[in-house]
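Here's the structure we're looking at; comments come further down.
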Amino acid sequence: MPRPALPRRWAALFALIAALVGGFVGPVAAAGPTHAIANHALAMHGEPALPASFQALPYVKPDAPKGGRLVQGVVGTFDSLNPLIVRGTPAAGIRSYVVESLLARNLDEPFTLYGLLAQSMETDAERTFVAFTLDPRARFSDGRPVTPEDVVFSYRLLRDKGRPNHRTYYAKVKSVEVTGERTVRFDLKGSDDRELPLILGLMPVLPRHALDPETFDQTSLAPPLGSGPYVVAEVRPGDSLTLRRNPDYWGRDLPINRGLYNFDEIRFDYYRDANTHFEAFKRGLYDVRFETDPGRWKTGYDFPAVRDGRIVRESASDGLPEPVTGFVFNLRRRLFADVRVRQALIELFDFEWLNTSYYFGAYRRTGSFFQGSDLSALGRPASEAERRLLAPFADAVRPEVMDGTYAPPVSDGSGRDRDSLKRALDRLDAAGYQLDRGTLRTKRGEPLSFEILVATKDQERLALAYARMAQRAGVSASVRLVDSVQYERRLQTYDFDMILNTWTPSLSPGNEQAFYFGSKAADVPGTRNYMGARNPAVDAMIEAVLAARDREALVVAVRALDRALISGLYIIPLFHLPDIWLARWQTIGRPEKTSLYGPLPETWWRVAP
């Protein structure tokens, strides 16, 4: 059932609550001159694509029918409904459907935000501040208004107790103050981060009257209170989460929301493994499936519902850089500190054989952290502007990466390429390893061995294939499959030798790059710097990305960052699909136009029988 409205309290009780959370709410102060004009949108670079008078986003069906239920299938489990903290494995959907932010993205632009909880925003040319004016209609689902004090409370709570990315971003704010009945202002002087106004615009806004800061960072299955279009209706821990449309949702008529959130109910059902997940789709237990297994896509969809047209199979595309998937070396482990060892292990991965033998030749090799976009350095000689950025770090970029001739190793596809094996053994010999009765050992007799940690059967299959490739050189790679809770816990604390991971790059890279690859993130639990990279060149290029004032400068900085990341040999680069594969039961409709970010569940609707 929807969360009931909280009863009104006496003034004394409100005073008590204010005293308890006062450390998280700033004082009200008079606004100083801003020398800026209130805007309906804020673009990271350039101007917003949509005017203030826009009526709907370009990738929605504005008059999409409302009603029905969408069931989505998820592999894994969950033990928390709080996606904003390190602890626990959060359920899907809370951040997307229950908790809102001040601004919302148009996913047909690289990075432009439009008003949501905030009706308008102001900043200056140098972005030394950002001020938000709240929509007077904005309400939490209990009917209480969203206030500037809620914004300040959320900022301070997430800065102190949120996920590492929130702590990193929000720590750059010099000060924050409530400057009016509906306005809040962030002073950003000294941050030197032009993305920060947008990062703050995407900050989750939480109700200070319904949260205890002392227990916020503890896992909980209590339904969170938000201002979004849905409320938590039912929780079956680890099995399913049901969200129900809030009939009193304050923002249902906003242009930014027109054509979105068309289902009365959204349910996420959890499955323990990929095979069970697929069988459930075949039986109609959930509605839409994004397929990532080429073998399954080629041969697994020959069943009655596909043959008679009840399930529609589609290929879609997006405008994003390709996802970056790889076996990730944990450089915190002494074994992988030697770059020659990493280079040899990269050489031993036989993509050509694997793609043909396992995946019907469907994959393409990934060689860049921004492949498939103008941000990629792959196949491009470094420009003079890039060389100037990288000049203080003479040894950070390999010559072949700098001149644009680099590509991941290519085998003869036989699975027994002697040349690649010899190159790997030569590098391992230089690193101090020698073959001893089929096993590589150091002079002290220590074998070259490590464990690959995986969370799914598909990952296990791929890891076992690589382990056999490595065994040809006398390398012992064991594979350990663990449940999703244990896997997540070990990722958070970097308790692994090697993992399989995917990063999804953006068309407008920014602060998240420090969270993924920055030195400061290497030892902070819960970041996505899984490799433990501590590279001054990478750090400097991330700073250049954040300082970029236009698209041209951004492209230069990101390509230079790409060269430093490629040269670091942090992962065994794997592969990506050229298309997005989507299978849906015919009862689910979706718009004709696909967004720059691909098909979006929030734009779908239930088709009348």
Side-chain angles (χ1 to χ4, degrees), residues 44-46 110-111 192-195 319-326 328-329 331 339-340 342-343 346-347 351 364-410 423 427 503-519 521 529 531 533-576:
M44 182 61 201
H45 300 103
F111 194 10
D192 296 322
D193 185 348
R194 295 183 56 77
E195 189 184 33
L320 299 176
E322 301 295 349
V324 183
T325 300
V328 183
F329 301 109
L331 270 64
V339 69
R340 295 168 297 187
R342 304 201 302 274
Q343 196 167 11
I346 293 170
E347 188 75 56
F351 165 73
R364 304 292 180 267
R365 189 73 190 272
T366 305
S368 161
F369 284 78
F370 301 93
Q371 191 156 331
S373 73
D374 64 344
L375 302 172
S376 174
L378 198 67
R380 293 184 171 104
S383 66
E384 287 304 314
E386 289 176 67
R387 291 178 184 274
R388 284 194 297 272
L389 278 178
L390 291 163
F393 311 97
D395 299 325
V397 177
R398 295 171 177 272
E400 67 273 20
V401 178
M402 190 70 87
D403 65 22
T405 60
Y406 161 81
V410 177
R423 287 192 294 270
R427 291 190 173 102
W503 292 270
T504 304
S506 163
L507 282 171
S508 182
N511 275 279
E512 80 285 350
Q513 299 304 306
F515 187 63
Y516 296 166
F517 310 119
S519 296
N529 186 349
M531 61 275 285
R534 298 178 183 84
N535 186 330
V538 169
D539 294 338
M541 297 311 104
I542 292 173
E543 290 300 317
V545 168
L546 298 180
R549 297 179 65 102
D550 54 45
R551 184 71 186 179
E552 183 180 358
L554 178 74
V555 170
V556 168
V558 176
R559 286 182 186 173
L561 172 62
D562 196 24
R563 294 184 202 278
L565 290 171
I566 293 169
S567 300
L569 302 179
Y570 298 122
I571 66 173
I572 300 173
L574 296 182
F575 35 71
H576 59 271

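- For CG of Asp550, the number of neighbouring non-hydrogen atoms (other residues, nucleotides, ligands) closer than 6.0 Å is greater than 12.
- Between Arg551 and Asp374 there is a salt bridge, since at least one side-chain N of the basic residue sits less than 4.0 Å from a carboxylate O of the acidic one.
- Across all non-hydrogen atoms, the minimal contact from Ser368 to Asp562 is OG-OD2, 2.6 Å.
- When every heavy atom of Gly510 is checked against every heavy atom of Leu546, the shortest pair comes out as C-CD2, 3.5 Å.
- Rounded to the nearest 0.5 angstrom, Leu331 CG and Met531 CE are separated by 8.5 Å.
- Judged by distance alone, with hydrogens and angles left aside, the side-chain atoms of Gln513 form no donor-acceptor pair with the main-chain N or O of Ile542 at under 3.5 Å.
- With rounding to the nearest 0.5 angstrom, the CZ atom of Arg365 is 11.0 Å from the NE2 atom of His576.
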task: Apply the test side-chain contact (heavy atoms from CB on, under 4.5 Å) to residues Arg423 and Gln343: give CA-CA distance (whole Å), side-chain angles for both, the deciding distance (0.1 Å), then the verdict.
output: CA-CA 10 Å; Arg423 287 192 294 270; Gln343 196 167 11; over 6 Å; no

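- The line from CD of Glu512 to CH2 of Trp503 is 13.5 Å long, rounded to the nearest 0.5 Å.
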field: CA sep, side-chain torsions, deciding dist, call: Phe515, Asn529, side-chain contact (heavy atoms from CB on, under 4.5 Å)
entry: CA-CA 6 Å; Phe515 187 63; Asn529 186 349; over 6 Å; no

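- Using a 4.5 Å heavy-atom threshold, the side chains of Phe329 and Ile572 count as touching.
- When all heavy atoms of Leu389 and Ala560 are compared, the pair lying nearest together is CD1-CB, 4.3 Å.
- Using a 4.5 Å heavy-atom threshold, the side chains of Arg398 and Ser567 count as touching.
- Considering CZ of Phe370 and CZ of Arg559, their distance stands at 12.0 Å, rounded to 0.5 Å.
- Between the side chain of Ser519 and the main chain of Asn535, a donor-acceptor pair closer than 3.5 Å is present.
- Interatomic distance, CD of Glu400 versus CZ of Arg563, reported as 11.5 Å (0.5 Å rounding).
- Leu507 places a side-chain heavy atom less than 4.5 Å from the side chain of Leu320.
- Using a 4.5 Å cut-off on side-chain heavy atoms (C-beta onward), Leu390 and Met541 make contact.
- Using a 4.5 Å heavy-atom threshold, the side chains of Tyr570 and Val328 count as separate.
- For the atom pair Glu347 CD and Arg427 CZ, the distance stands at 5.5 Å (nearest 0.5 Å).
- Residue Glu552 qualifies as open at atom CD: its count of foreign heavy atoms under 6.0 Å is 12 or below.
- For the pair Leu574 and Thr366, the minimum side-chain heavy-atom distance is 4.5 Å or more.
- Smallest separation of non-hydrogen atoms from Gly367 and Pro408: CA-CG, 3.7 Å.
- For the pair Phe111/Ser506, no side-chain contact is recorded, criterion being any heavy-atom separation below 4.5 Å from C-beta on.
- A donor-acceptor contact shorter than 3.5 Å is absent between the side chain of Arg380 and the backbone of Gly404.
- Between His45 and Leu554, the shortest heavy-atom contact is CE1-CD2, 3.6 Å.
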task: Evaluate the side-chain contact (heavy atoms from CB on, under 4.5 Å) criterion for residues Arg534 and Asp539: first the C-alpha distance (whole Å), next the side-chain angles of each, then the deciding distance (0.1 Å), finally the verdict.
output: CA-CA 8 Å; Arg534 298 178 183 84; Asp539 294 338; over 6 Å; no

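- Between Phe369 and Phe517, the ring planes are perpendicular. Angles over 60° get that label, and only those under 30° would be called parallel.
- Side-chain contact between Ile571 and Thr325: absent, with no pair of heavy atoms (C-beta onward) separated by less than 4.5 Å.
- When all heavy atoms are compared, the tightest approach of Val545 to Pro509 is CG1-O, 3.2 Å.
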